[in-house]
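Have a look at the structure below, then the notes.
In this chain, numbering begins with 1 at the start of the sequence shown.
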Amino acid sequence: MKKTLIALACASASLAASADPVILKVAHFWPATALSQQKVLEPWCAKIAQESNNTLQCQIYPSMQLGGTPTQLIQQAIDGVADIVWTLPGYTAGRFPSMEVMEIPFLTKDAEGSSRAAWEIYQKYGQKDFAGLKVLAFHTHDRGQIHNNKRPITKVADFRGLKLRAPTRLTNKMIAALGATPVAMPMPQTPDAVSKGVVDGYVMPWEVVPTMKLHEMTKYHSEINPPQPGLYTTLFTIAMNQAKYDSLTPEQKKVIDANSGADFSASVGKVWDESAPAARKQAQDRSNQFNTIGAAEVEGFQKATARVATDWVKEVTAKGYDGKAMLEDAQTLSAKYAK
């Protein structure tokens, strides 16, 4: 009788779990075919489903299917329009000063290491900025490179007269410091802007270029490669509505916690690093023109953009942050974890 009652109780619990799973609405701005969904979100969702006995399940909404614009994603997570979003904190300029440090020019060398560094920066400096959110990961992308339709970029002077798309406040400042005219816009708007000549080019990591078919409308690709530090990177976050997280059972919270944090952040960055060669090859296969910017010229780029870091430290210090310590920590951690 006891065994029967236990079996019935277990069966009842199993049926209840399967009948009433928590469906997490996951929103992002990429197409469903993008690496972000296929190699990160879908495996992550499958993993939390398995580890929660299917009590946690995802419904993914790519390409802003829940409405709004990419710049509104972070607020959608705070407001509960979406339960989880993948977006750029930098799309809302000035709102998250603590994490902007990861976008200082020439700070990082690879996405895996700098993503782990970003998580540590968040733990030490950034948690107040992200009130209302349960942050699951921060990550950067593979090396940001220069792509345009006017000429190869070999030295700082080559930027003059160019209009270049950039994603965030600090990348726009970097482009201006190099002598080009920055044009701020979210990634999904870039192909249309390039095809219509609204911009002459863009700074972007390789992974995104074929995803948006930009290799089909770009002539020149100018790269800064190892051992030099990358020109720039952009910071992303995967973040969950805090109230949604708080509503989960203790067991479900353990599953989310086990699949978030430093290791998850680094694993997402690694996916970006590994994606770059195949993405780059698609531009090579079209016989687009490539050039590598040499070490001496890179030094000139670093000198031209040095004031971006100096100005950032002053700005965030005026807002009550320890800008100098944040920058020094970001530099130290990025170097520590570089692959």
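When atom types are taken as modelled, the side chain of Asp110 and the backbone of Asp273 share no donor-acceptor pair closer than 3.5 angstrom. With hydrogens and angles disregarded, no donor-acceptor distance shorter than 3.5 Å links the side chain of Ser334 to the backbone of Gln331. Counting only distance, with no hydrogens or angles, the side chain of Asp79 and the backbone of Val81 share no donor-acceptor pair below 3.5 Å. Side-chain atoms of Asn288 come within 3.5 Å of backbone N or O of Thr218 as a donor-acceptor pair. Side chain of Thr108 to main chain of Pro229: no donor-acceptor pair is present (N/O by atom type, distance under 3.5 Å, no hydrogens or angles). No donor-acceptor pair under 3.5 Å is formed between the side chain of Trp30 and the backbone N or O of Gln37. Using a distance-only test at 3.5 Å, with no hydrogens or angles considered, a donor-acceptor pair links the side chain of Asn241 to the main chain of Ala243. Judged purely by atom type and a 3.5 angstrom limit, Asp200 has no side-chain atom pairing as donor or acceptor with the backbone of Asn149. In this structure, the side chain of Gln57 does not engage the main chain of Leu24 through any donor-acceptor pair within 3.5 Å. In this structure, Glu315 contributes its side chain and Pro97 its backbone to no donor-acceptor pair below 3.5 Å.
Clustering ILVMFWY residues whenever any of their side-chain heavy atoms sit less than 4.5 angstrom apart, transitively, puts Ile78 in the very cluster that holds Leu235. Under the 4.5 Å side-chain heavy-atom criterion for grouping Ile, Leu, Val, Met, Phe, Trp and Tyr, Trp312 is connected to Leu333 within one hydrophobic cluster. Residue Ile121 is not grouped with residue Ile238 when hydrophobic side chains (ILVMFWY) are merged at heavy-atom distances under 4.5 angstrom, including chains of intermediate members. A continuous path of hydrophobic side-chain contacts links Val271 to Phe29 [ILVMFWY only; heavy atoms under 4.5 Å]. In the hydrophobic clustering of ILVMFWY residues, with side-chain heavy atoms under 4.5 Å counting as a link, Leu178 and Val308 come out apart.
For Trp119, there are no side-chain hydrogen bond (donor to acceptor under 3.5 Å, both in side chains) partners two or more places apart in sequence or in a different chain. Applying the side-chain hydrogen bond (donor to acceptor under 3.5 Å, both in side chains) criterion to Lys319, with sequence neighbours excluded, gives no partner residue. Here Ala166 pairs with Thr171, Asn172, Ile175, Val203 under the side chain to side chain contact (heavy atoms under 4.5 Å, CB included) rule; sequence neighbours left out. Here Lys336 pairs with nothing under the salt bridge (Lys or Arg N to Asp or Glu O under 4.0 Å) rule; sequence neighbours left out. Asp158 pairs by the side chain to side chain contact (heavy atoms under 4.5 Å, CB included) definition with Arg151, Ile153, Thr154, Lys155, not counting sequence neighbours. Here His141 pairs with Tyr232 under the ring-ring contact (aromatic ring centres under 6.0 Å, His included) rule; sequence neighbours left out. Residues meeting the side-chain hydrogen bond (donor to acceptor under 3.5 Å, both in side chains) test with Tyr220, sequence neighbours left out: none. Partners of Lys163 by side-chain hydrogen bond (donor to acceptor under 3.5 Å, both in side chains), not counting sequence neighbours: none found. Listed by chain and number, the residues in a ring-ring contact (aromatic ring centres under 6.0 Å, His included) with Phe290 are Trp206, His221 (sequence neighbours excluded).
The existence of a salt bridge linking Glu120 and Lys124 is excluded, since no basic side-chain nitrogen approaches an acidic carboxylate oxygen closer than 4.0 Å. Salt bridge present: Lys196 and Asp192 bring a charged side-chain N and a carboxylate O closer than 4.0 Å. A salt bridge is defined here as a Lys NZ or Arg NE, NH1 or NH2 lying under 4.0 Å from an Asp or Glu carboxylate O, and Lys173 with Asp311 fails to meet this definition.
Here the side chains of Glu100 and Thr168 are not in contact, with every heavy-atom distance at 4.5 Å or above. Considering only heavy atoms from C-beta on, Thr190 stays 4.5 Å or farther from Val208 through its side chain. In this structure, the side chains of Ile74 and Leu133 come closer than 4.5 Å at one or more pairs of heavy atoms. Looking at heavy atoms from C-beta onward, Val255 lies out of side-chain contact with Glu251 at the 4.5 angstrom threshold. Residues Leu248 and Lys134 form no side-chain contact, since every pair of their non-hydrogen atoms from C-beta on lies 4.5 Å or further apart. Side-chain contact between Trp44 and Leu136 is present, with at least one heavy-atom pair separated by less than 4.5 Å. With a 4.5 Å cut-off on side-chain heavy atoms, Leu164 and Val199 do not count as touching. Using a 4.5 Å heavy-atom cutoff, the side chains of Leu107 and Thr233 are not in contact.
Of all non-hydrogen atoms in Thr55 and Gln252, the two that sit nearest each other are OG1-NE2, 3.2 Å. Looking at every heavy atom in both residues, Pro191 comes nearest to Met217 through O-SD, 3.5 Å. Closest non-hydrogen pair, Ile23 versus Asp83, comes out as O-OD2, 3.5 Å. Between Phe130 and Ser98 the shortest heavy-atom distance is CE1-OG, 4.5 Å. Taking all atoms of both residues into account, the shortest heavy-atom contact from Pro31 to Pro62 is C-CB, 4.1 Å. Taking both residues in full, the closest heavy atoms of Ser265 and Ser115 are given as O-CB, 3.3 Å, listed atom of the first, atom of the second, then distance.
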Applying salt bridge (Lys or Arg N to Asp or Glu O under 4.0 Å) to Glu207 and Lys39, what does each step give before you reach the verdict?
CA-CA 12 Å; Glu207 187 281 326; Lys39 292 194 175 182; over 6 Å; no
From CA spacing to verdict: side chain to side chain contact (heavy atoms under 4.5 Å, CB included), Trp86, Val268
CA-CA 12 Å; Trp86 192 342; Val268 180; 3.8 Å; yes
Applying side chain to side chain donor-acceptor pair (under 3.5 Å) to Ser114 and Thr140, what does each step give before you reach the verdict?
CA-CA 7 Å; Ser114 58; Thr140 63; 2.6 Å; yes
Side chain to side chain contact (heavy atoms under 4.5 Å, CB included), that's the test. Do Lys150 and Lys219 meet it? Break it down for me.
CA-CA 8 Å; Lys150 293 294 185 181; Lys219 295 178 182 178; over 6 Å; no
List the steps, then state whether side chain to side chain contact (heavy atoms under 4.5 Å, CB included) holds for Leu214 with Met204.
CA-CA 10 Å; Leu214 284 162; Met204 196 171 283; 3.5 Å; yes
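Annotation: disulfide bond (SG atoms under 2.5 Å apart) contacts involving residues 28-87, sequence neighbours excluded, comprise Cys45-Cys58.
Taking the six-membered ring where tryptophan is involved, the planes of Phe236 and Trp272 are tilted, since the angle between them lies from 30° to 60°.
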Per-pair distances, 0.1 Å, donor-acceptor, side chain in residues 88-96, under 3.5 Å, sequence neighbours excluded:
from, atom 1, to, atom 2, distance (Å)
Tyr91, OH, Met187, N, 3.1
Thr92, OG1, Pro89, O, 3.0
Arg95, NH1, Gln75, OE1, 2.9
Arg95, NH2, Gln75, OE1, 2.6

Name every donor-acceptor pair, under 3.5 Å, that has one atom in a side chain of residues 298-306 and the other anywhere in the protein, sequence neighbours excluded.
from, atom 1, to, atom 2, distance (Å)
Thr305, OG1, Phe301, O, 3.0
Thr305, OG1, Gln302, O, 3.4

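One distance of note links CG of Leu231 with CG of Asn225; it measures 11.5 Å at 0.5 Å rounding.
The environment of Lys25 atom NZ is dense: over 12 non-hydrogen atoms of other residues, nucleotides or ligands sit within 6.0 angstrom.
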